[in-house]
Amino acid sequence: MPCSLVDMASARGNSLSDVSQLWMGVHPSGPSVIRASGETLASYVERDPATLGAAVRHLYGSLPFLFKVLSVRQPLSIQAHPTKTYSRNESRHGAWKFHHLIVQEHAKILNQERPDLYPDPNHKPEIAIALTHFRALCGFRPYEEIVSFSTGGDHTGMGTAERDLVLELHGWYPGDIGCLAAFFLNQILLLPGQAIYLPPNVPHAYLQGATSRGKDGLSKPLVFDRYNPGSNPALGTFFLMKKKKCSNVPLQKSNPTSNCKTMWGHVADCVECMACSDNVVRAGLTPKHIDVPTLCGMLSYQCHPPAPFLPISDPTDPYLALYNPPIQDFAVYRISVGTPYLQTYSLSVQETIL
């Protein structure tokens with residue numbers, strides 16, 4: 001029986017180069033299937049809701065998060081995700097009068113108005129955890145940086161890294177307006193184990209993992225030392241769950257440090273966990289539809305430097321760390337050990353584990 005993602009891909013007749021995303025969850029856009037029975041996970045949970053735990057069943061009615069494994073070998077689209085409730089500032093041209101609007105249940109409204117674009121009524125906060133050295137765009141740059149890039153007739157304000165990124169993006173998406181995002185959005189480089197938390201309405205794009213391939217198909221290794229010198233240990237097993245605290249569950253971890261390379265190393269660059277939604281508002285680097293009015297009205301225009309989202313170590317367990325974003329839908333535990341190890345962890349009926 002296949003025991004890793006690599007084996008699972010091979011069993012389905014796919015080569016590693018065919019695998020760009022693996023979804024695990026109940027969302028109808030890509031529901032997981034129980035291999036022993038062929039039943040979807042969504043159908044199983046609906047038939048036996050007690051598997052969710054009482055608290056999760058009461059709050060959400062189904063699995064509240066979606067887990068993805070991504071392989072990023074070329075820049076992905078710039079996008080943001082709607083929230084359940086958001087505020088928006090508007091002004092009439094020349095009037096200099098701002099109107100503060102509160103839009104309730106924004107994701108629900110988008111789903112009702114354009115179900116072809118927004119397939120569900122949920123928000124989509126998410127966290128992306130790097131498995132390799134990983135490069136992304138995340139949120140707007142500080143105002144002074146944006147101004148420096150947009151002023152000066154001789155373009156001396158343009159940074160070399162930003163100019164190089166524009167040319168790189170243009171090589172993948174010739175003439176796409178999103179290529180200019182390099183001058184407006186923060187570029188962040190993550191070491192393995194570091195993460196970025198992406199609240200709703202924040203523009204972002206995943207650029208590439210540790211090794212990308214250009215349009216010519218040649219491998220292009222990245223150099224990260226000037227940004228983030230050093231390295232972190234290989235990641236172990238990830239567990240995702242609805243929050244709350246801690247039925248004893250024995251967990252066998254047979255050398256996940258070496259398994260990490262087998263499972264993830266040649267397939268994936270990051271893992272994502274998000275609220276169970278597939279709502280995407282695109283901004284560029286894509287041939288797909290860009291909903292400009294919705295995009296401009298919903299974006300968060302807070303401008304500040306990026307910072308990696310780091311896990312919290314467990315003082316009672318040297319192998320356990322928690323990625324704990326400021327939302328209720330999910331949290332991510334990282335279990336990382338270097339030798340064969342057997343440990344029992346406690347889970348409460350308030351937690352759902354995948």
Side-chain angles (χ1 to χ4, degrees), residues 15-21 68 70-81 114 116-118 128 130 132-141 145-190 196 198 201-224 226-227 267-270 272 278-299 301 303 306:
S15 67
L16 298 185
S17 61
D18 295 328
V19 179
S20 61
Q21 294 190 37
K68 297 182 182 180
L70 303 183
S71 177
V72 183
R73 287 297 178 261
Q74 70 179 70
L76 305 182
S77 66
I78 304 169
Q79 55 187 245
H81 310 294
R114 294 296 305 272
D116 56 322
L117 296 177
Y118 311 108
T132 65
H133 292 75
F134 189 74
R135 191 158 58 113
L137 297 175
C138 177
F140 285 99
R141 291 176 176 273
E145 291 186 16
I146 297 175
V147 171
S148 72
F149 291 143
S150 60
T151 59
D154 58 355
H155 303 289
T156 55
M158 293 186 178
T160 300
E162 288 73 26
R163 185 175 63 247
D164 290 347
L165 179 55
V166 169
L167 295 175
E168 176 189 345
L169 296 176
H170 178 74
W172 286 105
Y173 303 94
D176 192 301
I177 190 66
C179 297
L180 298 178
F183 298 123
F184 296 92
L185 302 182
N186 294 295
Q187 182 177 177
I188 185 169
L189 297 105
L190 301 175
I196 48 175
L198 300 165
N201 303 334
V202 172
H204 60 277
Y206 301 150
L207 298 178
Q208 59 188 198
T211 303
S212 68
R213 293 189 178 275
K215 298 291 280 187
D216 54 7
L218 299 178
S219 179
K220 297 182 178 181
L222 299 177
V223 178
F224 289 89
R226 57 180 285 209
Y227 300 98
V267 182
D269 296 300
C270 78
E272 280 187 307
D278 193 28
N279 288 327
V280 177
V281 184
R282 295 175 178 84
L285 305 184
T286 178
K288 297 182 179 180
H289 177 72
I290 298 177
D291 185 350
V292 175
T294 297
L295 177 72
C296 294
M298 65 176 270
L299 283 183
Y301 294 98
C303 299

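Every heavy atom of this structure was used, including side-chain atoms; hydrogens, water molecules and symmetry mates were not. Nothing fancy with the numbering, it's 1 onward along the sequence.
Of all heavy-atom pairs spanning Ser77 and Ala205, the tightest one is O-CB, 3.6 Å. Shown here for Cys179 and Tyr173, the closest heavy-atom pair between the two residues is SG-O, 3.4 Å. Residues Ile188 and Cys138 approach most closely at CG2-CB, 4.3 Å, considering heavy atoms. The minimum heavy-atom distance between Ala181 and Ile78, with the atom names listed, is CB-CD1, 3.4 Å. The minimum heavy-atom distance linking Glu272 with Leu70 is given by the pair OE1-CD1, 3.2 Å.
The structure places CZ of Phe140 at 13.5 Å from CD of Glu145, a figure rounded to the nearest 0.5 Å. For the atom pair Gln208 CD and His133 NE2, the distance stands at 12.5 Å (nearest 0.5 Å). Distance CD1/Ile290 to CG/Leu285: 8.5 Å, rounded to 0.5 Å. Atom CG of Leu169 and atom CD of Gln74 lie 11.0 Å apart (nearest 0.5 Å). Gln187 CD to Leu207 CG: the interatomic distance, rounded to the nearest 0.5 Å, is 6.0 Å.
Counting only heavy atoms from C-beta outward, the side chains of Ile196 and Leu190 approach each other to under 4.5 Å. Put simply, the side chain of Gln79 does not reach to within 4.5 Å of the side chain of Lys288, judged on heavy atoms. Using a 4.5 Å cut-off on side-chain heavy atoms (C-beta onward), Arg135 and Leu165 make contact.
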Criterion ring pair (Phe, Tyr, Trp, His ring centres under 6.0 Å) on Tyr206 and Phe134, from CA distance to verdict:
CA-CA 8 Å; Tyr206 301 150; Phe134 189 74; 5.5 Å; yes
Before you tell me yes or no, could you show the steps for Phe184 and Cys303 under side-chain contact (heavy atoms from CB on, under 4.5 Å), namely the whole-Å CA-CA distance, both residues' side-chain angles and the distance that decides it to 0.1 Å?
CA-CA 9 Å; Phe184 296 92; Cys303 299; over 6 Å; no
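A distance-only check finds no donor-acceptor pair linking the side chain of Arg141 to the backbone of Val147 [under 3.5 Å]. The closest donor-acceptor contact from the side chain of His204 to the backbone of Ala80 lies at 3.5 Å or more, if one exists at all. For Asp176 (side chain) and Thr286 (main-chain N/O), a donor-acceptor pair under 3.5 Å exists by modelled atom type.
With Pro203 as reference, Leu185 is the one residue of Leu185, Asn186, Leu137 to meet the side chain to side chain contact (heavy atoms under 4.5 Å, CB included) rule. Partner of His81 under the side chain to side chain contact (heavy atoms under 4.5 Å, CB included) criterion, out of Asn201, Val280, Leu198, Asn279: Val280 alone.
Residue Ile177 places its CD1 atom among 12 or fewer non-hydrogen atoms of other residues, nucleotides or ligands, all under 6.0 Å distant.
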